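Heads up: the structure comes next, in structure tokens.
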Amino acid sequence: MFTKVVSIALLTVFVQAVFASKCTRTYVVKENDICDSISKENNASTYQLAVVNHGVIDAACTKLVPGQQICLGRAGEDCTTTYVVNDGDTCDDIQAKSGVNATLLYSNNPQINEGCTNIYIGEVLCVAKTVVVPAVPSHGASSVVVPPATAIPANPGATAVHPSVHPSATPTPTHLNVNNNNDDDLPFCDEL
Ligand SMILES: *[C@@H]1O[C@H](CO)[C@@H](O)[C@H](O)[C@H]1NC(C)=O
Ligand SMILES: *[C@@H]1O[C@H](CO)[C@@H](O)[C@H](O)[C@H]1NC(C)=O
């Protein structure tokens, strides 16, 4: 039983690696672009832009080259419903404004840490009503998307762990079940 589960998980990773879907939206980098300005203008979240360009754009997005063509979204994994983080925003605020629950917000933005203390002003989040972004890469969300050096935390005082995401000292993994692709990539663990 255990072996079977592991095999299926490995097969899933393999299938995703081999059959990564086709890029369906592209963008040509302009002078003075930064990743989050591209994300904002084109409704492609910070996480999505980083994942679909992994290996092309570095994690902190410091090496964009004007004229370079990048991918904005891949077929079937393209979240075009986005929200730009404002000063003072908490994940609760964003959920309320966007009409999504914590499960969806964290599944579509797996770089957000457990207490939602790492969101920053200008970060572009996917606030779609279904899970639509690419799966978390095997090396973890935090290795693919790193806040820019100039990032200003949206909510420096935030320390509370979201009660609906981590209701007790032994968090249940139910909130991750929305996206079965992520079984082996518990996004929060990377941030601890
Ligand atoms: C991004 O989304 C906004 C709000 O839905 C919309 O007004 C705008 O046209 C979209 N831009 C692009 C490039 O899709
Ligand atoms: C979050 O919203 C989605 C979509 O509406 C729903 O399927 C899911 O059950 C909700 N999860 C929780 C924990 O409320």
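Keep in mind the model is a prediction, meaning the values are calculated, not measured. Order of appearance sets the numbers: ligands from 1, and atoms from 1 within every ligand.
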**Request:** Indicate, with yes or no, if Val52 and Tyr27 share a hydrophobic cluster defined by side-chain heavy-atom contacts under 4.5 Å among Ile, Leu, Val, Met, Phe, Trp and Tyr.
**Result:** no
**Item:** Note, Ile38 side chain near Ile70 side chain (heavy atom, < 4.5 Å)
**Value:** yes
**Message:** What I want to know is whether Lys129 and ligand 2 share at least one N or O pair that is separated by under 3.5 angstrom.
**Reply:** no
Using a cut-off of under 3.5 Å, which N/O atoms of ligand 1 pair up with protein N/O atoms, and what distance separates each pair?
from     : atom 1 : to    : atom 2 : distance (Å)
ligand 1 : 2 (O)  : Asn43 : OD1    : 3.3
ligand 1 : 2 (O)  : Asn43 : ND2    : 2.3
ligand 1 : 11 (N) : Asn43 : ND2    : 3.0
ligand 1 : 14 (O) : Asn43 : ND2    : 3.2

**Prompt:** Hey, quick one: are Val29 and Leu72 part of the same hydrophobic cluster, counting side-chain heavy atoms closer than 4.5 Å, chains of contacts allowed?
**Reply:** yes
**Message:** Tell me whether Val127 shares a hydrophobic cluster with Val132, the cluster being built from Ile, Leu, Val, Met, Phe, Trp, Tyr side chains joined at under 4.5 Å.
**Reply:** no
**Val85 with Leu104, same ILVMFWY side-chain cluster at under 4.5 Å** = yes
**Message:** Could you see if Leu49 belongs to whatever hydrophobic cluster contains Val144? Use Ile, Leu, Val, Met, Phe, Trp, Tyr and a side-chain cutoff under 4.5 Å.
**Reply:** no
**Complete:** In ligand 2, the atoms that come under 4.0 Å of a heavy atom of Thr103 are 11 (N), 12 (C), 13 (C)
**Fill in**
For Leu104, the atoms of ligand 2 under 4.0 Å from one of its heavy atoms are 2 (O), 3 (C), 4 (C)
**Prompt:** So, the side chain of Asp89 versus the backbone of Ile94: is there a donor-acceptor pair under 3.5 Å, distance only?
**Reply:** no
